[in-house]
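Below: one structure, written as structure tokens.
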Amino acid sequence: ALKQKNSRPFTVIVEGNIGCGKTTFLEYFGKHKSICVLAEPVDIWRNADGHNLLGLMYEDPKKWSFTFQSYVQLTMLQNHLKPTTCPVKLIERSVYSARYCFVEKLTNDGLLAKPSSAVIDKWFQWIIEQNFAQVDLIVYLRTSPEIVYQRILQRKRPEEKTVSLSYLRALHQIHEDWLYHKTLFQCPAPTLILNANLEKSVIEQEYEKCESHILNLRHLEQVL
Ligand SMILES: Cc1cc2cn([C@H]3C[C@H](O)[C@@H](CO)O3)c(=O)nc2[nH]1
């Protein structure tokens, strides 16, 4: 029997530390025609009406974190709401990691003032209440801070030259508490944990572990 076409695609968010390999993961799954991939809009953050908000945030986080994280939340919301005819939608990060990882970390460090953090949280809570950011699966690309630190040094993204190992360790711990120990905030969907420390040459075997979760389930619903 033809199933009623669900209004919403099967939505997967890809989460993990800076340099954990999200782009490589998205490139691998982006080859499937039934998957719509939405990468993190870093280039938009680097040029918002000519302003490099990412650069400003790293140069003077106390002054620019609110501006940057406020814009990140908007661009993430736009990805969550972006319509697609694909049965599966794969999004790089989300409003959840924006609020639970980055805003949390900046607030803990006193780089984002409490009143600013409270306003970002009000927007976040409203977005959730409106069901604007529904998620069916989280893929957590789990890494060690030391490995992602080396990758960031090699990648040489100009704005990230000030990213320290201690920052990456703290961000790692927040991701672990959220997605592995599940002691920080509640997870909006079931979580698949992959070992993203693996080198590019072997990591595709690790990706295959979640292929069935991402593809078949939705496909079966579509064709039955
Ligand atoms: C959702 C979200 C993504 C994100 C990325 N970033 C930074 C980390 C990396 O240096 C760069 C690209 O992910 O942007 C951030 O500071 N806050 C963020 N919030």
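Both counts, for ligands and for their atoms, begin at 1 and track the order of listing. The structure presented is a predicted model; accordingly, all values stated were derived computationally and were not measured.
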Per-residue contact class, L54 against ligand 1 - non-hydrogen pairs under 4.0 Å: side chain

Backbone N/O of I193 and side chain of K209: donor-acceptor pair under 3.5 Å: no

Closest protein heavy atom to atom 9 (C) of ligand 1, given as residue, atom name and distance to 0.1 Å: E160 OE2, 3.3 Å

Polar side chain donor-acceptor pair, Q186 to Y96, under 3.5 angstrom: no

Protein contact of atom 17 (N) of ligand 1 - nearest heavy atom, named by residue and atom, plus distance: Q69 NE2, 3.0 Å

Residue R157 vicinity, atoms of ligand 1 by number, heavy atom under 4.0 Å: 11 (C), 12 (C)

Exercise: do H80 and Q134 side chains pair donor with acceptor under 3.5 Å: no

Min N/O separation W45 to ligand 1 under 3.5 Å: no

Among Q125, E104, Q73, the one residue meeting side-chain hydrogen bond (donor to acceptor under 3.5 Å, both in side chains) with R99: E104

N/O separation below 3.5 Å, Y167 to ligand 1: no

Per-residue contact class, E159 against ligand 1 - non-hydrogen pairs under 4.0 Å: neither

Nearest neighbour in protein (non-hydrogen) for atom 8 (C) of ligand 1: Y58 OH, 3.4 Å

Within 6.0 Å of CD in Q130, more than 12 heavy atoms from elsewhere: yes

Those atoms of ligand 1 less than 4.0 Å from some heavy atom in I18: 8 (C)

Those atoms of ligand 1 less than 4.0 Å from some heavy atom in F68: 15 (C), 16 (O), 17 (N)

Proximity of W126 and F132 rings by center, below 6.0 Å: yes

Shortest reach to atom 2 (C) of ligand 1 by a heavy atom, considering only L171, N79, V72: V72

Any side-chain donor near an acceptor of the partner, Y100 and E15, under 3.5 Å: no

Atom 3 (C) of ligand 1: the protein heavy-atom neighbour that sits closest, reported with distance to 0.1 Å: E40 OE2, 3.2 Å

M57: numbered ligand 1 atoms lying under 4.0 Å from its heavy atoms: 16 (O)

Top protein contact for atom 6 (N) of ligand 1, by heavy-atom distance: F102 CE2, 3.8 Å

Pair Y207 + F25: ring centers closer than 6.0 Å: yes

S94, portion touching ligand 1 at heavy-atom distance under 4.0 Å: backbone

Close side-chain approach of Y167 and I18, heavy atoms under 4.5 Å: yes

